[in-house]
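Nothing fancy with the numbering, it's 1 onward along the sequence.
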Amino acid sequence: MIRSELVQMLAADNPGLSAREIERIVDTFFEEITTRLVANGRVELRGFGAFSTRARDARTGRNPRTGETVDVDAKRVPYFKPGKEMRVRLNV
């Protein structure tokens with residue numbers, strides 16, 4: 001599912017809201033998750049899962065096209081851990 005499909009599904013389920021309002025709600029939802037992760041926080045949605053970040057150390061990588069070695073900087077990457085309810089529903 002992509003963002004526009006999500007907006008369409010929410011619009012169909014909520015006829016009292018305009019597509020523009022629903023799009024603003026979806027944008028706000030994702031922006032708040034991103035803002036919290038940037039601040040090294042954690043976002044937990046009960047029954048769905050938890051978003052957090054993980055640290056990756058600097059390393060030496062390899063350019064697959066040329067075979068040349070490349071230094072890769074340390075960075076933080078997003079991480080999602082599904083909640084128990086989601087895991088149960090996926091494995092029914």
Side-chain angles (χ1 to χ4, degrees):
M1 173 181 289
I2 59 174
R3 175 179 251 153
S4 61
E5 292 172 336
L6 175 61
V7 170
Q8 288 174 355
M9 289 180 68
L10 290 171
D13 290 345
N14 299 284
L17 296 173
S18 70
R20 173 163 265 168
E21 290 171 323
I22 292 173
E23 197 166 326
R24 197 165 52 233
I25 291 167
V26 170
D27 287 343
T28 301
F29 180 76
F30 289 128
E31 183 61 34
E32 289 302 316
I33 290 174
T34 303
T35 301
R36 183 69 175 178
L37 293 177
V38 167
N40 247 350
R42 182 172 190 258
V43 178
E44 183 176 331
L45 303 170
R46 298 283 168 135
F48 183 71
F51 295 93
S52 61
T53 58
R54 296 243 169 124
R56 293 246 174 107
D57 293 333
R59 63 183 174 86
T60 301
R62 186 171 302 278
N63 182 332
R65 189 172 291 168
T66 64
E68 177 183 343
T69 60
V70 179
D71 290 330
V72 179
D73 295 333
K75 59 186 168 187
R76 289 185 349 201
V77 294
Y79 177 74
F80 175 74
K81 181 179 179 186
K84 182 179 178 184
E85 288 180 35
M86 179 184 283
R87 286 193 313 269
V88 168
R89 288 183 68 181
L90 287 174
N91 293 303
V92 169

Item to check | In one Ile/Leu/Val/Met/Phe/Trp/Tyr side-chain cluster, 4.5 Å: I25, L6 | outcome: yes
Checklist entry - Do M1 and L10 share a hydrophobic cluster, counting only Ile, Leu, Val, Met, Phe, Trp and Tyr and linking them when any side-chain heavy atoms are less than 4.5 Å apart? => result yes
Item to check | Pairs meeting criterion ring-ring contact (aromatic ring centres under 6.0 Å, His included) with involvement of residues 12-42, two or more places apart | outcome: none
Checklist entry - Taking only residues two or more places apart in sequence, or in another chain, which ones meet T35 in a side-chain hydrogen bond (donor to acceptor under 3.5 Å, both in side chains)? => result E31
Checklist outcome for this item: Applying salt bridge (Lys or Arg N to Asp or Glu O under 4.0 Å) to R56 and not counting sequence neighbours gives none
Item to check | Partners passing salt bridge (Lys or Arg N to Asp or Glu O under 4.0 Å) against E44 (at least two apart in sequence or in another chain) | outcome: R42, R46
Checklist entry - Shortest non-hydrogen contact from L45 to F51? => result CD1-CE1, 4.1 Å
Item to check | Side-chain heavy atoms of T60 within contact of D71, under 4.5 Å | outcome: yes
Checklist entry - Just by modelled atom types, is the G67 backbone N or O under 3.5 Å from a matching donor or acceptor in the R62 side chain? => result yes
Checklist entry - Partners of R76 by side-chain hydrogen bond (donor to acceptor under 3.5 Å, both in side chains), sequence neighbours excluded? => result N40
Item to check | Contacts of type side chain to side chain contact (heavy atoms under 4.5 Å, CB included), residue M86, not counting sequence neighbours | outcome: F48, F80, P82, L90
Item to check | Separation between CG of N63 and OG1 of T66, rounded to the nearest 0.5 Å | outcome: 3.5 Å
Item to check | Exercise: identify the closest heavy-atom pair between V26 and V7 | outcome: CG2-CG2, 4.2 Å
